Amino acid sequence: MKELGLDLAEVSTFFIEQHDDPFVLVKVEASRTDEWTQLLGVPARRCYIADERLQAIVDAQGHTHQAVVESKVPSKGSVMAGDYGEIMTALYLASRAHPEETLEPKMWSLKADRTKASQGSDVVQLHLPDWPDASMYDRVICAEVKTKSTNTKATPIADALADSAKDRESRLAKTLTWIRERAILGDTTTVTVDHLNRFIKVDENPPAKFEFRAVAVISSELVADATSADVFANVELPSSDICTLVVISVPDLKNNYQKLFEQLLGQSDVDVAIP
């Protein structure tokens, strides 16, 4: 994810990981949420539109940077919250893989409709340590993400687990094929047709690993109730070798995702060149 211009070693310091049973609990400290927002303003925008694409539209059409970015990012509400949770999950997963390079197609940039969730699996990351050679160490990490920022009846853990099962059954395979179609059309700059074919054409390559995560991004004041014994009494947990359940606790989640998107838009007219 080097195209985002982030130091993943620094990103990893924002996530405090605890291995609780039956899930991995990841905490973001309240004292660092403002720092997180400042750090992610431009990189979060790059999840929706790359610098070069943004500047090309500005140069060709005469629009402001902010007008172009506003046409890509979601409006306030559940989609914005969901995108925030997915981007946070993608960064968490990439930071845990660091220093190995993570190839991230950035599903948010491929949306046909900014007011809706991304098509297919939420987060798809490719790891190809010996590329351009295929190897037994190649892997795909696929995450289904549910976000809960307010005290509603939403059941993010049960929903993430249920939809992760859909990824394992067929949705990831369909998503990889769909991303390949977008790559053929030139809509992706971070993953290529060859990268994707390595995992799609399984019979032509060494066995690869397909790892699945069910992720619930929850406002910290809601985590205790969302992870109570009653919750787990009503869900079927897959074994950890099939799917890992992750809970990411974010202080005052609604306020923080709104602040991030304000920062994202507010930085739209600054220099867009990646250092």
Side-chain angles (χ1 to χ4, degrees), residues 1-16 26-59 63-96 98 102 104-111 114-115 117-118 122-123 125 143 145 147 149 188-190 215 217 219-220 248-275:
M1 297 180 74
K2 59 186 178 181
E3 70 278 0
L4 298 184
L6 282 170
D7 179 355
L8 288 177
E10 180 182 6
V11 169
S12 69
T13 67
F14 285 86
F15 299 109
I16 301 172
V26 180
K27 293 183 177 181
V28 177
E29 293 181 333
S31 61
R32 302 198 70 189
T33 54
D34 286 343
E35 184 183 354
W36 175 258
T37 299
Q38 292 294 322
L39 178 69
L40 285 192
V42 171
R45 189 267 298 156
R46 290 174 179 147
C47 288
Y48 291 94
I49 184 168
D51 289 8
E52 296 81 3
R53 175 64 175 157
L54 172 58
Q55 192 62 51
I57 295 173
V58 169
D59 291 343
H63 302 302
T64 65
H65 289 89
Q66 185 169 16
V68 178
V69 175
E70 284 179 343
S71 73
K72 290 290 291 183
V73 302
S75 304
K76 287 184 178 180
S78 61
V79 175
M80 183 181 285
D83 280 14
Y84 179 90
E86 292 167 9
I87 291 170
M88 174 167 278
T89 296
L91 291 172
Y92 162 69
L93 294 173
S95 74
R96 287 303 180 263
H98 183 72
T102 297
E104 165 70 67
K106 300 193 294 298
M107 303 295 285
W108 317 279
S109 69
L110 301 178
K111 284 186 181 187
R114 70 180 182 86
T115 66
S118 302
D122 289 339
V123 176
Q125 297 183 341
V145 185
T147 302
S149 57
T188 64
T189 58
T190 53
V215 183
V217 180
S219 198
S220 57
I248 302 179
S249 172
V250 182
D252 197 2
L253 177 55
K254 182 177 181 179
N255 180 56
N256 279 295
Y257 78 68
Q258 290 178 341
K259 283 168 57 179
L260 175 61
F261 278 90
E262 289 171 2
Q263 178 82 0
L264 180 158
L265 289 167
Q267 291 187 349
S268 298
D269 285 314
V270 301
D271 183 3
V272 296
I274 298 177

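Everything quoted here is computed from the prediction, not taken from an experiment.
Asp7 meets the side chain to side chain contact (heavy atoms under 4.5 Å, CB included) test with Ala9, Glu10; sequence neighbours excluded. Not counting sequence neighbours, the partners of Ser75 by the side chain to side chain contact (heavy atoms under 4.5 Å, CB included) test are Arg114.
At distances below 3.5 Å, at least one donor-acceptor pair connects side-chain atoms of Lys72 with backbone N or O atoms of Ser109. At distances below 3.5 Å, at least one donor-acceptor pair connects side-chain atoms of Arg45 with backbone N or O atoms of Ile49. Judged purely by atom type and a 3.5 angstrom limit, Asn256 has no side-chain atom pairing as donor or acceptor with the backbone of Thr37. Judged by distance alone, with hydrogens and angles left aside, the side-chain atoms of Ser219 form a donor-acceptor pair with the main-chain N or O of Leu253 at under 3.5 Å. Distance alone, capped at 3.5 Å, is enough to place a donor-acceptor pair between the Arg46 side chain and the Leu4 backbone.
Distance check: Ile248 CD1 to Ile16 CD1 gives 13.0 Å after rounding to the nearest 0.5 Å. Distance check: Leu91 CG to Trp36 CH2 gives 5.0 Å after rounding to the nearest 0.5 Å. Atom-to-atom distance recorded for Ile87:CD1 and Leu260:CG is 7.0 Å, nearest 0.5 angstrom. Here the straight-line distance linking atom CG of Asp252 with atom OH of Tyr257 works out to 10.5 Å at 0.5 Å rounding. The CG atom of Leu6 lies 10.5 Å from the OG atom of Ser95; values are rounded to the nearest 0.5 Å. Taken from CE in Met88 to OG1 in Thr147, the straight-line distance is 9.5 Å, to the nearest 0.5 Å.
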Query raised in the report: Is there a side chain to side chain contact (heavy atoms under 4.5 Å, CB included) between Lys76 and Lys254 once you walk through the steps?
Result: CA-CA 10 Å; Lys76 287 184 178 180; Lys254 182 177 181 179; over 6 Å; no

Report task. Might you work through the side chain to side chain contact (heavy atoms under 4.5 Å, CB included) test for Glu3 and Thr189, ending with a clear yes or no? Result -> CA-CA 9 Å; Glu3 70 278 0; Thr189 58; over 6 Å; no

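Counting heavy atoms from C-beta outward, His98 and Arg96 have side chains that stay 4.5 Å or more apart. Looking only at side-chain heavy atoms (C-beta outward), Glu86 and Asp83 come within less than 4.5 Å of each other. No side-chain heavy atom of Ser118 sits under 4.5 Å from any side-chain heavy atom of Leu110. Considering only heavy atoms from C-beta on, Pro74 comes within 4.5 Å of Phe261 through its side chain. Looking at Glu104 and Val123, their side chains come closer than 4.5 Å, going by heavy atoms from C-beta outward. Between Val69 and Leu265 there is a side-chain heavy-atom pair separated by less than 4.5 Å. Side-chain contact between Met107 and Asp122: absent, with no pair of heavy atoms (C-beta onward) separated by less than 4.5 Å. Residues Met80 and Val73 are not in side-chain contact: their nearest non-hydrogen atoms beyond the backbone lie 4.5 Å or more apart.
The aromatic rings of Phe15 and Tyr92 sit perpendicular, their planes meeting at an angle over 60°, well past the 30° parallel limit.
Between Arg32 and Glu35, at least one side-chain nitrogen of the basic residue sits less than 4.0 Å from a carboxylate oxygen of the acidic one, meeting the salt-bridge criterion.
Here the closest heavy-atom approach between residue Leu93 and residue Ala143 is recorded as CD1-CB, 4.0 Å.
For Lys111, the NZ atom sits in a packed shell: over 12 heavy atoms of surrounding residues, nucleotides or ligands are nearer than 6.0 Å.
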